[in-house]
Each structure stands twice: as structure tokens, then as C-alpha cells.
*Asks:* 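Sending over a structure as C-alpha cells; questions will come in a sec.
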Number of protein chains: 2
Amino acid sequence: MAEKKIPKATARRLPLYYRYLRFLYEAGKERVSSAKLSEAVKVDSATIRRDFSYFGALGKRGYGYDVEALMNFFSKTLNQDRLTNVALIGVGNLGQALLNYNFRRNNNIRISAGFDVKDELIGTIHQGVPIYDINEMVEQLEMQQIDVAILTVPSEIAQEMADKLVKGGVRGIMNFTPIRVTVPQEIRVHNVDLTNELQTLIYFINYYQDFDKKEEKETSDNPLNDLFYNE
Amino acid sequence: MAEKKIPKATARRLPLYYRYLRFLYEAGKERVSSAKLSEAVKVDSATIRRDFSYFGALGKRGYGYDVEALMNFFSKTLNQDRLTNVALIGVGNLGQALLNYNFRRNNNIRISAGFDVKDELIGTIHQGVPIYDINEMVEQLEMQQIDVAILTVPSEIAQEMADKLVKGGVRGIMNFTPIRVTVPQEIRVHNVDLTNELQTLIYFINYYQDFDKKEEKETSDNPLNDLFYNE
DNA sequence: TCTATATTGTGAAAAATATCAGAGGAGGTA
DNA sequence: TACCTCCTCTGATATTTTTCACAATATAGA
């Protein structure tokens with residue numbers, strides 16, 4: 001673990017590369033160049049080569065990259081070779097949509113437990129996922145050895161729930177609430193703030209029109225980077 | 001419009017500041033310092049001061065910032081002083097969750113029209129929002145002068161829908177599909193890729209443990225910056 | 001085998017972002 | 001008024017990220 005010092009910006013693009021490599025593999029492609037990849041993921045080809053180079057020499061000059069080998073490499077790098085169980089805290093509208101989202105499809109990630117306060121939800125099974133009482137959260141998290149949680153609860157109890165997650169041994173939190181929760185430094189928090197996103201988008205279309213932007217480029221930006229947190 | 005050259009990183013943090021300022025205002029606070037703000041939004045105080053300074057001298061030395069004045073300033077800057085109508089393309093699980101999300105609450109943003117292909121949805125009203133046939137999309141977008149759309153359709157038709165959105169005059173797209181759509185350069189696309197987010201989070205907790213990270217800092221990262229796109 | 005073409009890997013430069021640190025006020029108190 | 005404390009604003013610096021541009025080298029074809 002930890003070849004160390006993969007820039008964060010690079011790390012955030014890895015899933016993007018991985019997904020497209022899987023697509024190419026399923027389409028029967030054997031090789032791909034950084035230029036082709038660039039078109040699909042909308043990341044400059046030099047950036048792609050630089051990103052890959054942090055992991056060593058993965059390609060061949062004059063040839064490109066071997067799709068299958070690269071896909072397998074990223075699969076390992078992204079821990080896709082083993083199943084990651086995730087807990088869903090708060091089974092409301094958004095929570096239920098995420099249950100239906102099926103992260104599993106092509107990904108070794110699944111929501112394996114839900115938690116809520118509502119009596120009518122507790123004890124039921126949604127999309128194959130059992131919903132527990134939020135009071136059992138700490139012990140269930142420990143018992144099921146879950147180390148990633150998705151937080152979709154009302155803002156008012158976001159911090160409280162974050163504290164419980166920490167107590168339950170979770171190491172990563174995907175926070176959909178607008179609250180920036182306080183957690184110990186070793187815990188990773190990624191914020192996905194939908195209202196923020198929308199406001200930023202609106203700000204951009206009104207003030208940036210199309211300044212800069214490379215002539216040809218059709219889209220851009222840091223995928224998600226923004227939605228986030230913890231560096 | 002366009003005081004020009006507000007760094008993108010700064011722009012992405014504005015909604016965060018704005019939200020907290022509203023909270024302070026409602027709590028009756030009259031002034032706030034960058035240090036206090038920093039605690040709440042988890043952004044370094046020097047970064048906050050720098051961000052604010054791009055808009056001129058908004059604070060007073062030795063005093064801090066006037067909450068109400070600053071809130072109003074950001075409200076204008078973020079176009080919160082007028083209502084922004086948004087279209088929802090694809091009323092599936094995620095789409096419906098977003099309809100329930102109520103962006104409007106405290107924000108001048110609302111989903112004003114939904115589009116789908118399903119006969120059982122077309123013509124109905126969800127959360128007060130009428131759902132139209134996707135075939136009427138271009139004309140409805142034009143008629144209703146909508147310039148922001150949320151894309152929550154199956155990947156297979158993401159590009160096709162993006163093309164229609166462009167035809168309908170939309171200037172900003174919040175893309176929830178994993179496809180990086182191709183659009184003319186003047187159209188802004190922000191990608192919110194949930195699977196990506198989760199994979200990145202898992203990568204981080206496995207490889208970054210807690211390297212760097214300032215001693216005291218409890219959380220961090222670029223809020224959203226990452227979830228995104230178009231620069 | 002030779003040559004033309006494709007495409008990586010990477011120094012070096014540029015651009016964007018974040019942080020430090022201190023001069024300069026502002027407000028409050030006696 | 002004098003003085004102390006708080007806190008902004010900003011030049012300078014550090015860090016991170018992106019991009020340029022080209023030597024190196026693999027493949028394909030003649």
C-alpha cells in the first residue's frame with residue numbers, strides 16, 4: 001500500500017479512467033492512447049500521461065496503453081478487487097435513491113446496512129438492504145466492520161451522527177448534508193453539497209460566460225474535485 | 001456583472017460562505033471574523049480573507065465582517081436575488097429524490113419542469129412540478145426560458161439529451177451521469193459522479209491514511225471542487 | 001533492414017491555489 | 001488621550017496542478 005505521493009488531483013481522476021477502461025475492455029479494445037482517452041474523459045492528454053506516470057511506466061512509446069492490463073492495475077489500485085461495504089445513515093428521499101442507485105453494478109461497492117430513526121423503516125429491507133435503528137449504529141458498524149458511510153440525515157443531527165460514525169470505527173464519510181462536520185484528523189470526509197453545486201454552476205454561467213476555456217475544449221473542470229472535502 | 005477574474009477555487013467556496021452567513025444572520029449575529037468563519041466552513045482563515053478580498057475590502061480591520069452586509073453582497077453575487085428555474089431531465093429514482101430535495105428552501109432556486117419518457121409520468125405533477133414528454137423538451141426549455149438543467153438519465157442517452165439541452169438554449173448542466181458529455185465551449189457542465197466520489201473516498205482512506213493534514217485540522221479538502229467539471 | 005509514423009514519459013515552464021507574516025487600522029477601555 | 005487588543009488586507013512565498021514540447025522508442029510497412 002501507498003506507493004506514496006500520488007497527487008490528490010490525480011487520485012480524484014482515477015475512477016474516471018478506470019470506468020472508461022472497463023468500457024473499452026468490454027467493447028473488445030486492446031489498446032488505447034492518452035489522446036483517445038482524453039476525448040472520452042475530457043482531461044488533457046498530457047495530464048493523463050502525467051497521472052499514469054506516477055504509478056510507473058504503464059504504457060509503451062509509439063503504442064499506447066494495454067487496456068486490459070491498465071484496467072486490472074487500476075482495479076487493484078482502487079480496491080476494486082475486494083468488496084467494500086458501505087453504511088447508509090438516513091433512509092429518506094435521497095437515501096432511498098442511493099439504495100436504488102446500485103453502486104455495485106460493475107463496482108465492488110455496496111450499501112450493506114441502512115440506519116434510520118423512523119419506526120416504520122426499522123426492521124424492513126429495502127433493495128435487499130436491512131434498515132436498523134440508529135441507536136444500534138455504533139455496534140452494528142463495529143460488528144459488520146464497515147469503514148465507509150454515506151450521511152444523508154437532516155442537518156440538525158449531522159454532527160451527532162458523524163460522532164457516532166467515528167465511534168463506530170468508520171474511516172471515511174461521504175457527507176450529503178450542508179454541514180461541515182468536525183471529525184478527528186484521520187477520518188476522511190468528502191462533502192457532496194447539491195445546493196452548493198447548483199449555486200456554483202449558476203454563478204459560473206453568469207460570470208464566466210466563456211472566458212479562458214481553450215478553443216477546442218468542449219467541457220472541463222475538476223470532476224468532483226469540487227464536491228469535496230478532506231483535502 | 002463580472003468583476004472579473006475571481007479564481008474558480010474561490011467561486012466554488014462562495015455558496016458555502018453564503019450559507020453560513022445566512023445562518024449567522026438568522027441567529028442574530030452582527031459581526032463575524034474570518035477565524036470564526038473558518039471553524040464553521042473548514043477553510044483556512046487566510047484563504048477566506050483572500051477570497052473576500054477579490055471582491056474588494058469587505059471587512060474592517062480589528063472588527064471583522066458585518067454579517068448582514070456580507071450576506072447581502074453574496075446574495076447578489078450568487079444571483080440569489082432573483083429566482084432561477086431549473087429543469088430536471090429524467091424523473092427516475094435520483095430525479096425524484098432531487099424533486100423532494102427542495103433547493104428552494106432558503107435559496108432562490110427551484111426545479112420548475114421535469115422531463116421523462118415514461119407515459120405514466122408524463123402529464124403528472126410531482127412535488128408541484130409538471131412532468132413533460134421528453135420530446136417536448138426543446139420547445140419547453142425555450143418557452144420557459146430555462147437555462148440550467150439537471151441531467152439524471154441513463155448513461156446511454158446522456159449525450160443525446162445534452163444535445164437537446166443545448167438546442168433548447170440551456171447554458172449550464174449539472175450532470176449526474178457518468179458520461180462526460182460533449183457540448184459547445186460556452187456551455188458549462190458540472191459533473192456529480194457518485195460512484196466516482198465513493199471510489200475516490202475509498203482510495204483516500206486506504207492510501208492516504210493521514211499523511212500531511214495539519215496537526216489540528218479536523219477535516220479539509222476542497223469543497224466540491226472536486227465533484228466537478230468545466231474548470 | 002530501413003524508414004515513416006505514432007505515442008509515451010518527463011524535464012521544465014506556466015498557471016493556479018494556498019499560506020505566511022506583518023503593517024495598518026478599528027474599537028474598546030481607562 | 002493613550003494604549004491595548006483584535007483582525008483585515010496584502011506582498012511575498014510556498015505548494016500544487018497543469019501544460020508544453022521533445023527525445024526516446026515501439027510498431028508497421030516497404
Side-chain angles (χ1 to χ4, degrees), chain A residues 4-14 17 30-39 41-67 69-70 208 211-217 220-226 228-231, chain B residues 4-14 17 30-39 41-67 69-70 208 211-217 220-226 228-231:
Chain A
K4 252 340 291 301
K5 269 317 87 187
I6 303 301
K8 295 183 196 71
T10 294
R12 286 193 284 256
R13 284 187 290 264
L14 298 182
Y17 299 146
E30 294 191 355
R31 56 142 129 173
V32 66
S33 67
S34 58
K36 266 278 176 280
L37 223 37
S38 174
E39 274 176 48
V41 300
K42 315 286 191 211
V43 170
D44 186 273
S45 69
T47 300
I48 293 178
R49 289 196 300 280
R50 173 76 65 196
D51 282 347
F52 289 2
S53 77
Y54 289 118
F55 296 96
L58 304 177
K60 279 194 247 178
R61 291 165 193 235
Y63 176 89
Y65 301 89
D66 181 275
V67 170
L70 199 54
Y208 283 64
F211 302 132
D212 45 50
K213 293 244 191 143
K214 297 312 175 49
E215 295 144 42
E216 268 220 309
K217 266 280 196 64
S220 70
D221 197 26
N222 75 334
L224 307 191
N225 102 46
D226 270 36
F228 295 105
Y229 216 55
N230 256 327
E231 280 125 271
Chain B
K4 253 341 292 301
K5 268 319 88 187
I6 302 301
K8 294 183 196 72
T10 294
R12 285 193 285 255
R13 283 186 291 263
L14 297 182
Y17 299 146
E30 293 189 355
R31 56 143 128 172
V32 66
S33 66
S34 58
K36 265 278 176 280
L37 224 37
S38 174
E39 274 176 48
V41 301
K42 316 284 191 210
V43 171
D44 186 273
S45 69
T47 300
I48 292 179
R49 290 196 297 280
R50 174 74 67 198
D51 282 347
F52 288 2
S53 78
Y54 289 118
F55 296 95
L58 304 177
K60 281 194 247 180
R61 291 163 193 237
Y63 177 90
Y65 301 89
D66 181 275
V67 170
L70 199 54
Y208 282 65
F211 300 132
D212 47 47
K213 295 244 191 147
K214 297 311 174 50
E215 294 145 42
E216 269 218 309
K217 268 280 197 63
S220 70
D221 197 23
N222 71 337
L224 306 192
N225 102 42
D226 273 43
F228 295 105
Y229 215 51
N230 256 326
E231 278 122 272

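Order of the sequence lines sets the chain letters (A, B, ...), proteins ahead of strands, with each chain counted from 1.
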*Asks:* Go through D:dT17, C:dT17, C:dT8 for me and flag the one nearest to the A:Pro7 side chain.
*Replies:*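 Closest of the options to the side chain of A:Pro7: D:dT17.
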
*Asks:* Is the distance from OP1 or OP2 of D:dT19 to the nearest side-chain N or O of A:Thr47 less than 4.0 Å?
*Replies:*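 Result: yes.
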
*Asks:* Show the distances under 3.5 angstrom between N or O atoms of the protein and N or O atoms of nucleotides 26-30 of chain D.
*Replies:*
residue : atom : partner : partner atom : Å
D:dA26  : O4'  : A:Arg61 : O            : 2.8

*Asks:* Tell me whether the OP1 or OP2 atom of C:dA18 has a side-chain N or O from B:Arg13 closer than 4.0 Å.
*Replies:*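 So the side-chain polar atoms of B:Arg13 do come within 4.0 Å of the phosphate oxygens OP1 or OP2 of C:dA18, strictly under.
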
*Asks:* Please state how far atom CD1 in A:Ile6 lies from atom C1' in D:dT17, giving the value in whole angstrom units.
*Replies:*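 Atom CD1 in A:Ile6 sits about 14 Å away from atom C1' in D:dT17.
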
*Asks:* Using atom CD1 of B:Ile48 as one end and atom C1' of C:dT19 as the other, report the distance to the nearest whole Å.
*Replies:*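 Value for this atom pair: 13 Å.
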
*Asks:* Would you call B:Arg13 and B:Thr47 a side-chain contact if the rule is heavy atoms closer than 4.5 Å?
*Replies:*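 They are in contact (side-chain heavy atoms under 4.5 Å apart), so the answer is yes.
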
*Asks:* Residues in side-chain contact (heavy atoms from CB on, under 4.5 Å) with A:Ala46, at least two apart?
*Replies:*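 Counting only residues at least two positions away or on another chain, A:Ala46 forms a side-chain contact (heavy atoms from CB on, under 4.5 Å) with A:Asp44, A:Arg49.
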
*Asks:* Taking CG from B:Asp51 and P from C:dT19, how many angstroms apart are they, rounded to a whole number?
*Replies:*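 The distance from CG of B:Asp51 to P of C:dT19 comes to 11 Å, rounded to the nearest Å.
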
*Asks:* Atom NZ of A:Lys36 and atom OG of A:Ser45: how far apart are they, to the nearest 0.5 Å?
*Replies:*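 The OG atom of A:Ser45 is 12.0 Å from NZ of A:Lys36, to the nearest 0.5 Å.
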
*Asks:* Does D:dC9 have its OP1 or OP2 closer than 4.0 Å to a side-chain nitrogen or oxygen of B:Tyr65?
*Replies:*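 Answer is yes, contact under 4.0 Å.
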
*Asks:* Between P on D:dC7 and CG on B:Leu70, what's the gap in Å once rounded to a whole number?
*Replies:*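 It works out to 15 Å between those atoms.
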
*Asks:* In whole angstroms, how far is the C1' atom of D:dC7 from the CG atom of B:Leu58?
*Replies:*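 Roughly 14 Å, once rounded to whole Å.
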
*Asks:* Could you please name the option among C:dT8, C:dA21, D:dT19 that lies closest to any side-chain atom of A:Ser33?
*Replies:*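 Minimum distance to the A:Ser33 side chain belongs to C:dT8.
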
*Asks:* Looking only at non-hydrogen atoms, find the nearest pair between B:Ile48 and B:Val41 and report the distance.
*Replies:*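 So the two residues come closest at CD1-CG2, 4.0 Å.
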
*Asks:* Could you state the atom-to-atom distance from OH of B:Tyr54 to P of D:dT8 in whole Å?
*Replies:*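 Rounding to the nearest Å, OH of B:Tyr54 and P of D:dT8 are 16 Å apart.
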
*Asks:* Could you state the atom-to-atom distance from CG of A:Leu37 to C1' of C:dT8 in whole Å?
*Replies:*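 Checked: the CG to C1' distance equals 13 Å.
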
*Asks:* Answer whether the closest heavy-atom distance between the side chains of A:Tyr17 and A:Val43 falls below 4.5 Å.
*Replies:*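 A side-chain contact under 4.5 Å exists here.
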
*Asks:* Looking only at N and O atoms, is any donor in the side chain of B:Arg50 or the base of D:dT10 less than 3.5 Å from an acceptor on the other one?
*Replies:*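 Side chain to base: no pair present.
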
*Asks:* Distance check needed: D:dC7 C1' versus B:Lys36 NZ, whole Å only.
*Replies:*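 The answer, rounded to whole Å, is 13 Å.
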
*Asks:* If you look at every strand shown and take non-hydrogen atoms under 4.0 Å, does B:Ser34 touch a base, only sugar-phosphate, or nothing?
*Replies:*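 The answer is sugar-phosphate, as B:Ser34 gets under 4.0 Å only of primed atoms, P, OP1 or OP2.
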
*Asks:* List the residues meeting salt bridge (Lys or Arg N to Asp or Glu O under 4.0 Å) with B:Glu30, not counting sequence neighbours, and say none if there are none.
*Replies:*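 Here no residue qualifies.
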
*Asks:* Rounded to 10°, tell me the angle between the two end axes of the helix from C:dT1-D:dA30 to C:dA30-D:dT1, each built from five pairs.
*Replies:*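 About 10°, once rounded to a multiple of 10°.
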
*Asks:* Residues in side-chain contact (heavy atoms from CB on, under 4.5 Å) with B:Ser53, at least two apart?
*Replies:*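 In terms of side-chain contact (heavy atoms from CB on, under 4.5 Å), with neighbours along the sequence ignored, B:Ser53 is linked to B:Arg50.
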
*Asks:* Under 3.5 Å, side-chain donor or acceptor atoms of residues 55-63 of chain B against the rest of the protein: list the pairs with distances, not counting sequence neighbours.
*Replies:*
none

*Asks:* Which part of the nucleic acid, if any, lies within contact of A:Phe52, taking any heavy atom under 4.0 Å across all strands shown: a base, the sugar-phosphate backbone alone, or nothing?
*Replies:*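 Result for A:Phe52 = nothing.
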
*Asks:* Drop me the distance from A:Leu37's CG to A:Leu70's CG, to the nearest 0.5 angstrom.
*Replies:*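 So the CG of A:Leu37 and the CG of A:Leu70 are separated by 7.5 Å.
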
